[in-house]
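Accompanying notes for the structure given below.
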Amino acid sequence: MKRVYKMDEDMGRLLLYSQKRIADEVQRLAGEISASYAGEDLLLVVVLKGAFFFAADLARQIRLPLAIDFIELSSYNGTESSGSVTITKDLETSIAGRHVLVVEDIIDTGLTLAFLLDRLRERSPKSLRVCTLIDKQERRRVEVAADYVGIACEGGFLVGYGLDLDEKLRELPEIYEFI
Ligand code: IMP
Ligand code: MG
């Protein structure tokens, strides 16, 4: 399907996904997750900082007993992944024996997520899955996939709804392609 862009010339960015589109995807994902884990408790592992808006909206629509913890990773310099990932803030809770759902804002090369999944697997969760709002599948450099995908996207550098360019523009309620 052809993407519809609205120009926002002053800011040099194009509106890609509206608040309504994002809300619809969040609701759909929450429904899928609630159905998959019915009868179980779930631990959301939110990847800071980008996923925090998404996780806040998603968590409030999931109909399961939830616990929420945060982890912060660093790998990006400007608009390109540097490839070397580190944990800058670790989880506060143990994930051993628990159903863990990683909540990501966006998967690009996959390097960050692959690193995170390796680290989390070492801690023996009962199950480990991934939910991402945006998936740039065509940009993958390592084989890693999300179990729950909001929007599959071709590429470009996106900002808004948590996504930043050098820590700016996270607060935009919609998602824009930066040009
Ligand atoms: P990856 O390691 O290349 O998959 O990048 C994953 C991380 O890079 C995400 O969790 C984001 O924080 C950031 N990132 C990737 N693509 C974008 C983008 O288009 N806009 C803003 N941040 C991005
Ligand atoms: Mg980021």
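Order of listing sets the numbers, starting from 1, for every ligand and every atom in it. Atoms considered below: every heavy atom in the structure, side chains included; atoms not considered: hydrogens, waters and symmetry mates.
Looking only at side-chain heavy atoms (C-beta outward), Leu133 and Ile106 stay at 4.5 Å or farther from each other.
At a 4.0 Å cut-off, at least one heavy atom of Asp164 sits close enough to ligand 1 to count as contact. A heavy-atom separation below 4.0 Å is not found between Gly50 and ligand 1. Residue Ile106 places a heavy atom under 4.0 Å from ligand 1.
In the vicinity of Thr109, heavy-atom distances shorter than 4.0 Å reach the ligand 1 atoms 1 (P), 2 (O), 3 (O), 4 (O). Heavy-atom contacts of Glu104 reach the following atoms of ligand 1: 10 (O) (cutoff under 4.0 Å).
Atom CD1 in Ile134 sits 8.5 Å away from atom CG in Asp105 (nearest 0.5 Å).
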Test salt bridge (charged side-chain N to carboxylate O under 4.0 Å, His left out) on Glu174 and Arg21 and set out the steps. CA-CA 9 Å; Glu174 309 85 11; Arg21 172 74 191 276; over 6 Å; no

Check the pair Leu116 / Thr112 against side chain to side chain contact (heavy atoms under 4.5 Å, CB included), numbers first and verdict last. CA-CA 6 Å; Leu116 175 62; Thr112 307; 5.6 Å; no

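The aromatic rings of His99 and Tyr37 lie perpendicular to each other, with more than 60° between the two planes, well past the 30° mark.
A continuous path of ILVMFWY side-chain contacts below 4.5 Å connects Leu16 to Phe54, so both sit in one hydrophobic cluster.
Of the N or O atoms in Leu158, one or more lie within a sub-3.5 Å distance of an N or O in ligand 1. Looking at Leu163 next to ligand 1, no N or O pair under 3.5 Å apart turns up.
The proximity of Lys136 to ligand 1, defined as any non-hydrogen pair under 4.0 Å, is limited to the side chain. Counting heavy atoms under 4.0 Å from ligand 1, residue Asp105 touches it through the side chain alone.
Using a 4.0 Å cut-off between charged side-chain N and carboxylate O, Asp24 and Lys20 make a salt bridge.
Of the candidates Thr112, Val142, Leu169, the one placing a heavy atom closest to atom 6 (C) of ligand 1 is Thr112.
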